[in-house]
Amino acid sequence: MRFANVQVQVYFHHTVFASEMLKTLYIKNFALIDELTIEFGSGLNIITGETGAGKSILIGALGMVLGERASTDVIRKGEDKAIVEAIIDVTNNKRVAELLKAHELETSNEVILRREISTKGTRCFVNDTPATLALLHSISELCIDLHGQHEHQSLLKVESHIRLLDDAGGLGGLVEEYRLLFNTLKQSKRQLEELRNKEKNLREKRSFYEFQLKEIDSVAPEPDEWESLQTEQKILENAERIFSSTNALHEMLYASDDSVHNRLVEARNMLQDLARIDKSFTDAANDAQTAQALVDEITKFVQRYNSRIDFNAERLEELRERLSALATLRKKYGGTIADVLAYREQIAKEIELAENFEEEIAKLEKRIRVQQENLSDIAGRLSQKRKETANRLSRAIVEELKKLGIPEGRFEVRFSAVKDKDGDIFIDGVRYAANANGYDEVEFLISTNLGEDVKPLAKVASGGEISRVMLALKTVLAKSDRLPILVFDEIDAGISGKIAQAVGFSMKDLSRYHQIIAITHLPQIAAMADLHFRVSKKSINQRTVSSVERLSDEEHKKEVARLLSGTAITEAALQSATELIEAAR
């Protein structure tokens with residue numbers, strides 16, 4: 001499945017610093033779209049078209065592949081499923097690479113997101129590997145901000161504000177230093193909790209462990225004792241039989257007139273006589289001599305063994321008692337004596353630890369207090385630098401809002417903190433709850449009209465205002481914000497004239513750092529395009545089909561003129577379009 005449309009030559013050129021971008025969007029059987037491929041470029045990508053031509057369908061398709069909710073209503077009539085695929089350049093996006101590795105997915109300079117909606121359900125793919133919708137959404141959140149009617153706006157999420165503020169202030173190093181100590185403190189507190197839990201458990205088990213230790217030590221097993229005692233017991237239990245057998249052996253081998261020794265001596269002598277006649281008997285005579293010597297050695301061993309045999313009933317009883325005691329330990333504490341001894345060492349350590357708990361806990365508590373002091377120091381410095389950054393950021397955003405037609409705009413960074421009597425951070429005698437970012441909780445507030453109180457960004461009423469506020473924020477944060485791809489839908493709602501041109505210039509400037517894809521109906525913004533796409537619809541085989549084409553330089557000028565004058569493109573409109581485009585360069 002790949003991209004049926006013929007590629008179109010790129011006509012516009014500019015300098016862009018950001019390398020990450022949405023390279024290709026493939027859509028099939030989605031609403032009015034049959035099948036199309038859009039190949040975006042870096043910089044400012046503008047999309048225009050008649051009302052109802054399908055511009056919002058493109059944004060809807062993009063939102064779907066980014067993980068937004070989708071229903072079967074989007075499937076083109078008569079088809080089984082709708083498909084949307086996005087290829088995103090993530091060359092410098094380390095967070096995406098880390099996320100892919102965490103899910104054991106292949107990493108490269110590109111990530112391919114695909115979503116398929118059918119009557120049977122939805123399927124998601126990342127780099128052609130089946131994935132969850134949650135993962136698709138997580139990856140897209142690290143790459144693309146979509147501003148407009150869709151709820152895919154990172155700046156509206158309060159949890160992202162503190163990161164943006166830290167990025168704006170270049171506080172990454174201090175934040176990393178804080179988090180390293182924060183994680184170390186968490187580990188120390190976890191160790192303390194485990195130690196206290198263990199102390200409690202050991203207090204309950206200590207007497208039992210001491211009883212077990214006493215029981216094992218009263219027997220005092222030795223590592224190889226079991227096998228050696230069993231051997232000795234077997235010998236003693238069979239002493240009479242051994243004595244009788246060794247006597248019989250001695251008689252057979254040596255003592256009797258017809259003993260093996262005597263017979264071998266006779267055989268040796270006969271072989272030696274034969275060897276004097278025929279030397280071929282020499283080896284046999286020597287073997288007989290060796291056999292005689294071997295029988296003599298066996299006889300000596302049997303005699304010595306017989307002389308040491310001890311009919312010791314008391315020793316036998318001792319062995320039986322000892323083996324019984326060892327067997328009891330083996331049954332209770334392990335299958336072998338080695339297991340018993342290993343268990344003894346384990347409980348001995350537990351008892352020793354129980355005796356030293358108070359000292360160990362005191363040491364750990366002292367270490368935690370030092371870590372809390374150091375954490376508080378870094379958190380205090382971090383909070384102060386954030387507040388300094390917030391003041392500069394607020395002034396810069398207010399100035400940017402003025403350029404974008406919001407002259408009475410006010411922007412505020414609100415700080416709060418959670419007091420906690422057991423908190424790890426103490427500032428000026430007050431304890432606060434610590435989190436991975438310090439003790440600050442940060443939220444961006446704004447007012448766009450004179451006399452109104454500042455409110456959370458998510459409560460700004462006008463969709464057009466939201467987009468301009470986002471544009472102002474992005475412009476100020478451009479060099480630090482880590483989201484390289486911005487999509488604006490209806491950013492030009494409610495503006496015109498000089499304000500529209502100011503918005504266009506702001507987007508143009510921002511596109512030096514971020515790839516921007518924007519839908520607009522204003523010529524002042526369209527004129528700024530590095531790449532210009534036009535959405536149109538037509539009837540094919542009595543069905544309406546939306547299509548997208550990339551415009552050449554000349555087509556770009558005519559489309560801007562159309563936006564200026566309407567359907568009929570006049571010479572005056574073309575001249576004005578030329579002037580707007582030249583101003584944009």
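- Arg562 and Glu559 are joined by a salt bridge, as a carboxylate oxygen and a charged side-chain nitrogen come within less than 4.0 angstrom of each other.
- With salt bridges taken as basic N to acidic carboxylate O contacts below 4.0 Å, none links Glu39 and Lys23.
- The residues Lys157 and Glu443 are annotated as not salt-bridged, no charged nitrogen and carboxylate oxygen being separated by less than 4.0 angstrom.
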With a cut-off of 3.5 Å and sequence neighbours excluded, list every side-chain donor-acceptor pair involving residues 412-426.
residue: Asp420; atom: OD1; partner: Asp422; partner atom: N; Å: 2.9
residue: Asp424; atom: OD1; partner: Lys189; partner atom: NZ; Å: 2.9
residue: Asp424; atom: OD1; partner: Gln372; partner atom: NE2; Å: 2.6
residue: Asp424; atom: OD2; partner: Lys189; partner atom: NZ; Å: 3.0

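- Sorted by first and then second residue, the ring-ring contact (aromatic ring centres under 6.0 Å, His included) pairs with a member in residues 87-123 form an empty list; sequence neighbours excluded.
- Take Arg69 and apply the side-chain contact (heavy atoms from CB on, under 4.5 Å) test, not counting sequence neighbours, and it matches no residue.
- No donor-acceptor contact under 3.5 angstrom links the side chains of Arg163 and Asn437, judged on distance only.
- For Ala131, the side-chain contact (heavy atoms from CB on, under 4.5 Å) partners are Val126, Leu135, not counting sequence neighbours.
- Not counting sequence neighbours, the partners of Ser576 by the side-chain contact (heavy atoms from CB on, under 4.5 Å) test are Leu564.
- Between the side chains of Thr119 and Thr72, no donor-acceptor pair is found at a separation under 3.5 Å.
- Every residue two or more places apart in sequence or in another chain was checked for a side-chain contact (heavy atoms from CB on, under 4.5 Å) with Leu180, and none qualifies.
- Partners of Thr122 under the side chain to side chain donor-acceptor pair (under 3.5 Å) rule, at least two apart in sequence or in another chain, are Arg115.
- For the ring pair (Phe, Tyr, Trp, His ring centres under 6.0 Å) test, no residue two or more places apart in sequence or in another chain qualifies with Phe30.
- Among residues at least two apart or in separate chains, ring-ring contact (aromatic ring centres under 6.0 Å, His included) pairs with a member in residues 32-76 are Phe40-Phe533.
- Side-chain contact check for His521 and Thr48: no donor-acceptor pair (N or O, by modelled atom type) lies under 3.5 Å.
- In this structure Phe505 satisfies the ring pair (Phe, Tyr, Trp, His ring centres under 6.0 Å) test with no other residue, sequence neighbours excluded.
- Side-chain contact of Asp89 with Thr91: a donor-acceptor pair under 3.5 Å is present, judged by distance alone.
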What pairs of donor and acceptor atoms, side-chain ones from residues 447-455 against any protein atom, are under 3.5 angstrom apart with sequence neighbours left out?
residue: Ser447; atom: OG; partner: Asn449; partner atom: O; Å: 3.1
residue: Ser447; atom: OG; partner: Glu452; partner atom: O; Å: 3.0
residue: Thr448; atom: OG1; partner: Glu465; partner atom: OE1; Å: 3.1
residue: Thr448; atom: OG1; partner: Glu465; partner atom: OE2; Å: 3.2

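- Not a single side chain to side chain donor-acceptor pair (under 3.5 Å) links Lys101 to another residue, sequence neighbours left out.
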